[in-house]
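Heads up, the thing below is written out as structure tokens.
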Protein chains: 2
Amino acid sequence: MIGDMPKRDPLTRDRVLRGAVTLADARGIAALTIRSLADGLGVKPMAVYHHVASKEEILDGIVDLVFGEIGAGIEPPAPADGWRDQVRRRAASARDVLRRHPWAVPLLESRTAPGAATLRHHDTTLAVLRRAGFPVALAANAYALLDSYVYGFVIQEAALPSDDPGGATADIMGSFRPDEYPHLVEMAVEHIMKPGYTFGAGFHFGLDLILDGLEQALKRVAPP
Amino acid sequence: MIGDMPKRDPLTRDRVLRGAVTLADARGIAALTIRSLADGLGVKPMAVYHHVASKEEILDGIVDLVFGEIGAGIEPPAPADGWRDQVRRRAASARDVLRRHPWAVPLLESRTAPGAATLRHHDTTLAVLRRAGFPVALAANAYALLDSYVYGFVIQEAALPSDDPGGATADIMGSFRPDEYPHLVEMAVEHIMKPGYTFGAGFHFGLDLILDGLEQALKRVAPP
DNA sequence: ACCTGAACACCGTTCAAGT
DNA sequence: ACCTGAACACCGTTCAAGT
């Protein structure tokens, strides 16, 4: 051969998964195909199969990568913080992360087994609740509630026409015949179209309401 | 021709969509292809395109069909009922319906415009809140919270290994190394593996907690 | 008006082969 | 050990054709 090509660093399972996340973020989960992924990695499609067994394994892998991001940017859990602050920070981090990867929550439905980062995330959150005095059964209910809220909120955010501050949503809703959907029209005109409205701002309303309710439930089973 | 074949009733948009729901329920959303759908309808693939413009339109259509089921089996809204009962019944109905069609919530992320049944469902729920005295902004927050909870809970239920009463989930979680995920193991052993446990039973804990919180929020803005 | 056959540009994946 | 080419059984969809 003529000269030494700058040897491209070899493909790894990690590079495959990170490439998949980048592609899904940029062009949507439907555009994530083995062929386009290989293209992005500068490699032929079949090279991918040397590092993952199947596309299913890629989907499992990128979901776990995303869960690994949750709590990464959070200041270390100052032990003086109450459980409320810790849970709120983690829930807010989960929502931030999942909103950046809007394809992740829908994928949960079809995943078989959660990955290591996902399990660690769940374990960490449960730890906060248990240490705060939540009995096991209440901690289970609390955690299912918190996760449901975060997942569901993210799904709704992802389903919005765009991330614009209500503009498109309001235009659509405001164009309905008022006699057909009177309350949707009212909501569009009197709320969503107001300057400064964002759907996302409602996240903290629900989160704080849930935390208040959990605090009361905890006091009921374990009076201070 | 030899004789009159019993003329198969002609394909319609409605039969296409109902066939798609049946197929997705039975074999999963991934198995819903134009070809298998046509097979189930006793027709060639291309016949489907005479009644819907694209597969995307089918997905939009079946999501709206599902939302049309919500509230269908509910007793008429006895005007004497409080908003709490009405909202609780509708949320429970939504969860029942969405659980029977576990592919529906994940589809929400990629839908562009909601259908007529979906809009009617939203309008009806908002009506209950507004009539109960929720100001527009509070009604918006309340509704986002309720929907998030229902969607997220359904996603988690769908992601469970099966609908069995914790068996498979507990087996998996109980098999972790206790030093790696101590709280997950504790939860499996002391809670999920107990006889009579079901994840779904937690739905009413969260729903009632949310309704309590909304009741307090309503009292705060509009004292009785 | 409604359905079909053949074709096109895609998929994920297998297998045998290259270095 | 790692990558590739050719092939297979699928996709959604177009187009021209049948009744």
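The sequence lines fix the lettering, A, B, ..., with proteins before strands; numbering per chain opens at 1.
Atoms CD and OH, from A:E57 and A:Y49 in turn, are 11.0 Å apart once rounded to the nearest 0.5 Å. One distance of note links CZ of A:R111 with CD1 of A:I62; it measures 8.0 Å at 0.5 Å rounding.
In this model, a donor atom of one side chain and an acceptor atom of the other lie less than 3.5 Å apart for B:H122 and B:Y143. No donor-acceptor contact under 3.5 angstrom links the side chains of B:R15 and B:H51, judged on distance only.
Atom CZ of B:R18 has 12 or fewer neighbouring heavy atoms from other residues, nucleotides or ligands inside a 6.0 Å radius.
When both pairing distances are held under 3.5 Å, C:dC11 makes no Watson-Crick or G-U pair with any nucleotide shown. As the counterpart of C:dC2, D:dG18 is assigned, both hydrogen-bonding distances of the Watson-Crick or G-U wobble pattern falling under 3.5 Å.
Of all the residues in residues 47-56 of chain B, B:Y49, B:S54, B:K55 reach under 4.0 Å from DNA chain D with at least one non-hydrogen atom. Within residues 18-34 of chain A, no residue has any heavy atom closer than 4.0 Å to DNA chain D.
In summary, contact between chain B and DNA chain D, defined as any nucleotide atom under 4.0 Å from a heavy atom of the protein, begins and ends at D:dC11 to D:dT14 in the 5' to 3' direction.
Under the 3.5 Å distance criterion, the side-chain polar atoms of A:S148 are left unmatched by any main-chain donor or acceptor of B:Q156. A donor-acceptor pair under 3.5 Å is absent between the side-chain atoms of A:S93 and the main chain of A:R89, judged by distance alone.
Here the shortest heavy-atom pairing between A:V16 and A:L41 reads CA-CD1, 4.0 Å.
Between A:M193 and A:M173, every side-chain heavy-atom pair lies at or beyond the 4.5 Å cut-off. Looking at B:L37 and B:I58, their side chains come closer than 4.5 Å, going by heavy atoms from C-beta outward.
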